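A quick note: this is a predicted structure, and the numbers were derived from the prediction, not measured. Heads up: numbering here begins at 1 and tracks the sequence.
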Amino acid sequence: MTGIASNTGADAARHVSPLEQTDFLRLEHAAYLKGLLKPFKGKGQLDTWASQCLRLRDDLIALALRRVLPQARGYPFNRFAVQLAQQATGAGTTFLRWRNADRLRMGVALWEQLIASPSTPASLVPDLLALELQRIALNMQVSLTHSIARQALDCAAKMARAEEICHRRVDRHAPTVPKESTS
């Protein structure tokens with residue numbers, strides 16, 4: 001299996017320029033990576049970290065739309081009945097999906113059919129593989145950053161609720177100090 005990837009895979013692609021480490025260095029990911037493994041002292045820190053994760057998610061989506069999608073929509077791929085397209089979700093994410101021209105069908109099965117089709121030139125199979133590998137990795141990265149942000153926001157809400165409950169308890173049982181008269 002690994003021989004296939006190195007002989008006919010992304011390395012042999014001629015029409016696709018794969019993403020490089022420099023593409024990712026432009027993204028603000030240091031805060032995201034360090035943000036997980038630290039003690040969170042309250043809602044504010046979690047909200048900040050969630051915002052960083054969402055910003056990273058949005059930057060990954062922008063990278064996919066700026067670097068991968070234009071290649072997939074250009075020649076010679078624009079001549080196929082199956083295209084790589086963006087799919088926005090109600091949750092605020094955007095994923096790359098394979099779909100047919102009439103937009104009635106979507107999914108990796110379309111890419112598999114494209115690869116298996118005798119009408120797909122064998123010389124383009126490495127390029128189609130390179131696109132699919134980039135699609136899979138970027139979708140995973142977008143999904144993970146979105147999920148982590150969602151979890152961080154949920155945790156922040158739970159912390160805020162816990163603090164609210166404790167403050168109510170303290171306020172209810174706080175000793176009252178009589179006011180001094182100013183006579």
Side-chain angles (χ1 to χ4, degrees), residues 1-36 49-152:
M1 279 295 210
T2 56
I4 292 172
S6 62
N7 294 334
T8 61
D11 295 339
R14 298 176 319 165
H15 297 281
V16 175
S17 174
L19 294 175
E20 301 288 336
Q21 185 61 37
T22 55
D23 293 310
F24 292 93
L25 290 176
R26 295 182 187 108
L27 305 181
E28 186 183 328
H29 63 279
Y32 160 76
L33 295 173
K34 292 178 188 172
L36 177 61
W49 185 53
S51 294
Q52 292 168 338
C53 291
L54 290 173
R55 195 168 33 255
L56 179 57
R57 177 205 65 190
D58 293 344
D59 288 347
L60 286 163
I61 291 168
L63 178 62
L65 299 180
R66 183 179 67 249
R67 289 269 291 116
V68 177
L69 203 53
Q71 293 181 74
R73 289 183 172 168
Y75 181 83
F77 309 110
N78 59 357
R79 306 194 45 103
F80 292 122
V82 173
Q83 301 286 313
L84 192 60
Q86 69 188 60
Q87 177 196 23
T89 69
T93 59
T94 299
F95 294 106
L96 297 178
R97 302 280 193 239
W98 293 101
R99 71 173 183 215
N100 62 355
D102 62 9
R103 299 178 183 217
L104 293 177
R105 294 180 51 223
M106 186 176 285
V108 73
L110 294 172
W111 177 83
E112 292 171 1
Q113 292 168 2
L114 183 62
I115 294 296
S117 173
S119 64
T120 301
S123 62
L124 292 180
V125 169
D127 293 295
L128 290 167
L129 175 59
L131 286 173
E132 177 61 356
L133 296 179
Q134 287 185 94
R135 183 194 74 78
I136 291 167
L138 282 167
N139 283 355
M140 179 266 311
Q141 291 165 323
V142 167
S143 180
L144 282 174
T145 53
H146 177 77
S147 294
I148 290 172
R150 192 180 71 238
Q151 290 291 324

Any sub-3.5 Å donor-acceptor pair from Asn139's side-chain atoms to Phe95's backbone N or O?
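Pair absent, no side-chain N/O of Asn139 close to backbone of Phe95.
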Return yes if some donor-acceptor pair links the side-chain N/O of Arg57 with the main-chain N/O of Thr145 below 3.5 Å, else return no.
no
When rounded to the nearest 0.5 angstrom, what is the spacing between [atom1] in [X] and [atom2] in [Y]?
X      : Y      : atom1 : atom2 : value
Arg105 : Asn100 : CZ    : CG    : 6.0 Å
Leu124 : Arg79  : CG    : CZ    : 11.0 Å
Ile61  : Arg66  : CD1   : CZ    : 12.5 Å
Gln87  : Arg97  : CD    : CZ    : 5.0 Å
Gln86  : Leu69  : CD    : CG    : 6.0 Å
Leu138 : Leu133 : CG    : CG    : 11.0 Å

Do Gln113 and Val82 come close enough that some side-chain heavy atom pair is under 4.5 Å?
no
Do Cys53 and Arg150 make a side-chain contact, defined as non-hydrogen atoms from C-beta onward lying under 4.5 Å apart?
no
Is the ring pair Phe77/His15 parallel, tilted or perpendicular, if the boundaries are 30 and 60 degrees?
perpendicular
Show the nearest heavy-atom pair for residues [X] and [Y], with the distance to one decimal.
X      : Y      : answer
Ala152 : Trp49  : CB-CE3, 3.7 Å
Pro70  : Ala64  : CD-O, 4.4 Å
Ser119 : Ser117 : OG-OG, 2.7 Å
Arg73  : Leu84  : NE-O, 4.0 Å

Side-chain donor-acceptor contact under 3.5 Å, Trp98 with Glu132:
yes
With Glu112 as partner, the option from Val108, Leu110, Ile115, Leu114 fulfilling side chain to side chain contact (heavy atoms under 4.5 Å, CB included) is Val108
What do the steps show when you test Val68 against Arg135 for side-chain contact (heavy atoms from CB on, under 4.5 Å), and what is the final call?
CA-CA 8 Å; Val68 177; Arg135 183 194 74 78; 5.8 Å; no
Determine, step by step, whether Val142 and Thr94 satisfy the side-chain contact (heavy atoms from CB on, under 4.5 Å) criterion, reporting the C-alpha distance in whole Å, the side-chain angles of both residues, the deciding distance to 0.1 Å, and the verdict.
CA-CA 8 Å; Val142 167; Thr94 299; over 6 Å; no
Criterion side-chain contact (heavy atoms from CB on, under 4.5 Å) on His146 and Thr89, from CA distance to verdict
CA-CA 12 Å; His146 177 77; Thr89 69; over 6 Å; no
